[in-house]
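Just so we're on the same page: letters track the sequence lines, and every chain starts at 1.
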Amino acid sequence: MGKSLSRWRRQGKRLGIAVLFVVVGAGLWEFQERQHKDDYTWMGVPTWDGFHPTTFHRVLRNDGFLAGWSDVRANALWVSYQVEAVADDTRIGSRPNFKADWRTLWPIGTDSYAGSGYDRGHLAPNYAIAAVHGRSAQVDTFLMSNMTPQRPNLNRQLWQRLEESVMDHFAPRFDRLQVITGPIFPERFMDNVFNRVGFVEVPEAFYKIIVVPDEEATLALAFIMPQDVRGNEPLDDYLVTIDEIESRTGLNFFPDLSSEREAVVEGLLRTQGWALEEVARRPGRFQ
DNA sequence: TTTAGTGT
């Protein structure tokens with residue numbers, strides 16, 4: 001009797017220790033996860049309301065950026081990263097090779113865009129991530145989970161000019177920026193469901209949100225650029241409010257923003273302070 | 001090939 005009681009106690013103790021390990025481990029994991037998200041986002045990662053297969057996604061952690069991966073669209077619905085001003089003469093390492101990403105589940109190979117007429121367009125950009133976050137982050141931007149089918153005129157010209165403006169014009173003005181970028185799909189899922197490059201659904205447009213993450217004086221600039229552009233259009237032709245991007249993507253950006261500030265930051269189109277006119281017509285590098 | 005790529 002006494003023997004079985006002490007064995008029971010011993011087992012109880014072991015179980016207690018195991019539970020303690022799980023609790024502490026889960027707590028550390030959660031802490032680390034939150035830390036990681038805080039480093040790469042501002043006012044929370046994008047969320048969505050209700051259950052919709054087209055907005056449902058899971059967060060992939062990369063070095064230098066997060067990606068909200070949709071298994072339904074085989075696209076990242078958003079990528080989130082921060083940049084800061086770097087020296088004018090900053091050089092980055094040579095372009096890494098594109099790389100398949102096993103986390104996507106879909107077998108998206110580096111050659112799966114070949115002959116499609118679409119470029120493998122970066123969502124989180126090579127240059128900005130490399131210049132700010134280093135080589136291993138740069139390598140992660142070449143994961144196929146960070147690619148989306150983009151028409152060459154957009155990717156190599158208009159979109160490239162926008163990305164260049166972020167690092168060469170906006171970042172030096174404000175020191176630090178929060179950027180969220182991603183694809184936009186036609187309103188009706190069935191209209192576009194078979195419009196794919198391999199497994200990857202082809203977006204009709206792309207958005208980029210650029211925010212000065214200042215508690216008091218939040219400035220935000222947002223763009224939507226369609227696939228079919230010539231490439232030399234002025235950047236400010238594509239300005240939109242964050243609200244418009246939210247309504248076209250079904251996502252909620254900066255969910256931790258108070259509703260009063262959200263109304264201003266997301267609902268109004270304010271370009272004061274950005275000196276957009278200085279870069280809007282700057283030519284691209286590749287034409 | 002200056003921060004974007006494809007294709008030979």
* For the pair Tyr40(A) and His133(A), name the ring-plane relationship: parallel under 30°, tilted 30 to 60°, perpendicular over 60°. => perpendicular
So His57(A) and Trp48(A), would you call those rings parallel, tilted or perpendicular, with 30° and 60° as cut-offs?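 Ring orientation, 0 to 90° scale: tilted.
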Next on the checklist: For the aromatic rings, using the six-membered ring if either is Trp, is the centroid distance between Trp78(A) and Tyr207(A) under 6.0 Å?
Outcome noted: no
Aromatic ring proximity Tyr113(A)/Phe98(A), centre distance under 6.0 Å
no
Which whole-number value in Å describes the distance from [X] [atom1] to [N] [atom2]?
X	N	atom1	atom2	value
Tyr118(A)	dG5(B)	OH	P	16 Å
Arg156(A)	dT2(B)	CZ	C1'	17 Å
Asp119(A)	dT6(B)	CG	P	5 Å
Gln138(A)	dT3(B)	CD	P	9 Å
Tyr113(A)	dG7(B)	OH	C1'	17 Å
Asn153(A)	dT6(B)	CG	P	14 Å
Phe170(A)	dT3(B)	CZ	P	20 Å
Ile129(A)	dT3(B)	CD1	P	16 Å

Just call it for [X]: base, sugar-phosphate, or nothing, with non-hydrogen atoms closer than 4.0 Å on any strand.
X	result
Arg120(A)	sugar-phosphate
Glu164(A)	base
Gly284(A)	nothing

**OP:** First locate atom CZ of Phe254(A), then atom CD of Gln178(A), and finally report the distance between them rounded to the nearest 0.5 Å.
**Re:**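 Phe254(A) CZ to Gln178(A) CD: 6.0 Å, rounded to 0.5 Å.
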Query raised in the report: Which residue lies toward the 5' end of DNA chain B, Gly117(A) or Gln160(A), if each is placed at its nearest nucleotide?
Result: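 Closer to the 5' end of DNA chain B: Gln160(A).
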Whichever of Gly115(A) and Asp88(A) has the more 5' nearest nucleotide on DNA chain B, that residue is Asp88(A)
Next on the checklist: Between dG7(B) and dT1(B), how far apart are the two C1' atoms, rounded to whole Å?
Outcome noted: 14 Å
Next on the checklist: So, OP1 or OP2 of dT1(B): does either fall under 4.0 Å of a side-chain N or O from Arg285(A)?
Outcome noted: no
